[in-house]
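Owing to the predicted nature of the structure, the values given are computational and were not obtained by experimental measurement.
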Amino acid sequence: MNGSNAPTSVSLAHRPDVQSLRALAVGLVVAAHARVPWLAGGFVGVDVFFVLSGYLITGLILRDFELHGRFDAGNFYARRLKRLLPALLLVIAAAGVVGSVSTSPQQQVSDAVAGQAAAVWLSNFHFATRSIDYFASDAQGILFLHTWSLAVEEQFYLVWPWLLLFSYGFWKWQGAPRSRRRLAAGLAAVFALSLLLALVWARDDPASGFYLMPGRAWEFALGALTLLLQRHLESGHCPRLEALRGRSLFNAAGIALIAIAAITYSENLRYPGAWALLPCLGAVLVLLDAPA
């Protein structure tokens, strides 16, 4: 990777490729929950979204401290809260009202506990510790089950800026110059360790593997590595590969990988584990096709 400290030029707002990928991810998840017969694996949309989040949030953070030489933690977290918390609380309140008239008293007690966990972005821990099978037919009646992915994202936001800063060599006490090469090595380490944990959990503890952020961190790291790879390609280091970008080849291949996963996967898989690599690589290809 390029060791240059040149400001990143990621244009994160209103990018058609990003908006299309986000819409595809959401649409697949909705289709899976709607039991669309030929999209039983639509749950892979969550993995696509995690890759996209890693790509976007890393771009925002890099732009902040490469352009301004600092990271405004207060502004970063305030923006996350302003963007997500009001809608989350509204959904929790509305779902609670519906649940109070449509579920049994016993279920209401269980849902109330889950709702409290969701309000502080800990619902993934709530469901993991209770070994709730996300794909079980009776699980679809749990009011706040789908908030687990938002909890994972918020926990990611909590730790990711500091991991990026450390890997980049941001602080003087680290005794090393700031370097994207060093950042890439740090992200690669996170990717490898998290993926290894995901594989172990898929075999030994499926609930933790599905719900908990450490086993999903490799997906966010993959999105971040995609951003750095884009910058590397655009710097002219791989002209043959760079020449293929922007011709919809990567985009088409990426959409095909995501579609294959959505069509062929089912709830019988030990998911995510290694199975999540296919849709995540699809997301990478779609993001690579456009300029950073």
Side-chain angles (χ1 to χ4, degrees), residues 19-50 52-53 56-57 77-158 206-213 215-216 219 261-262 265-269 271-272 276 279:
Q19 299 303 328
S20 297
L21 192 60
R22 180 181 285 124
L24 175 63
V26 173
L28 288 175
V29 173
V30 171
H33 289 300
R35 303 293 184 181
V36 176
W38 47 279
L39 285 176
F43 51 80
V44 302
V46 174
D47 305 278
V48 172
F49 208 92
F50 286 164
L52 180 58
S53 291
L56 293 173
I57 293 300
Y77 290 115
R79 289 173 64 185
R80 304 282 81 72
L81 290 173
K82 182 179 179 180
R83 179 173 176 266
L84 298 172
L85 187 58
L88 174 64
L89 295 179
L90 177 62
V91 168
I92 291 174
V97 171
V98 173
S100 67
V101 298
S102 62
T103 61
S104 67
Q106 182 179 4
Q107 183 63 45
Q108 290 174 26
V109 172
S110 177
D111 286 338
V113 175
Q116 292 171 10
V120 292
W121 290 305
L122 290 174
S123 58
N124 60 329
F125 282 96
H126 173 84
F127 298 122
T129 56
R130 287 159 177 77
S131 297
I132 301 296
D133 183 356
Y134 182 82
F135 299 108
S137 57
D138 57 349
Q140 300 307 308
I142 300 176
L143 282 180
F144 303 108
L145 181 64
H146 310 312
T147 63
W148 74 269
S149 58
L150 180 59
V152 169
E153 285 225 26
E154 291 304 310
Q155 291 153 24
F156 159 73
Y157 294 153
L158 186 64
S208 294
F210 187 86
Y211 291 113
L212 298 186
M213 191 269 286
R216 297 280 189 167
E219 300 177 336
Y265 285 8
S266 74
E267 59 191 29
N268 298 320
L269 298 176
Y271 200 84

Compute both the distance and the angle, then confirm whether Arg80 meets the cation-pi test with Tyr157: under 6.0 Å from the six-membered ring centre, within 45 degrees of the axis. yes

Side chains of Trp148 and Val46: does their closest heavy-atom pair fall under 4.5 Å? yes

Hey, what do you get for CZ (Arg83) to CG (Leu81), rounding to the nearest 0.5 Å? 12.0 Å

Using 0.5 Å steps for rounding, measure from the CE atom of Met213 to the OG atom of Ser149. 14.0 Å

For Tyr211 against Val152, the heavy-atom pair lying closest together: O-CG2, 3.2 Å

Looking at every heavy atom in both Phe144 and Ala95, which two are closest together, and how far apart are they? CE2-CB, 3.7 Å

Can you tell me how far CG of Asn124 sits from OG1 of Thr129, rounded to the nearest 0.5 angstrom? 9.5 Å

Donor-acceptor pair, distance only, cut-off 3.5 Å: does the side chain of Ser123 make one with the backbone of Thr147? yes

Side chain of Glu267, backbone of Ala40: donor and acceptor closer than 3.5 Å? no

Val29 side chain near His146 side chain, heavy-atom distance below 4.5 Å: no

Closest heavy-atom contact between Leu39 and Ala31? CD1-CB, 3.7 Å

Pairwise distance CG(Leu158) to CH2(Trp121) - rounded to 0.5 angstrom: 10.5 Å

Exercise: identify the closest heavy-atom pair between Leu143 and Gly99: CD1-CA, 3.8 Å

Heavy atoms of Ala207 and Ser131 approach each other most closely as CB-CA, 3.9 Å

Candidate pair Gln155 and Leu122, rule side-chain contact (heavy atoms from CB on, under 4.5 Å), full reasoning: CA-CA 9 Å; Gln155 291 153 24; Leu122 290 174; 4.0 Å; yes

Note: Ala261 and Pro279 closest approach over all heavy atoms is CB-CD, 4.0 Å

Roughly how far, to the nearest 0.5 Å, is the CG atom of Asp111 from the CD atom of Gln106? 10.5 Å

Within-4.5 Å side-chain heavy-atom neighbours: Val113 and Arg130: yes

Cation-pi between Arg216 and Phe210: NZ/CZ under 6.0 Å from ring centre and within 45° of the ring axis? yes

For residues His33 and Tyr134, establish whether the separation of their ring centroids is below 6.0 Å. yes

Flag side-chain contact, heavy atom, 4.5 Å: Phe135 against Leu269: no

Is the shortest side-chain heavy-atom distance between Ile132 and Leu145 below 4.5 Å? yes

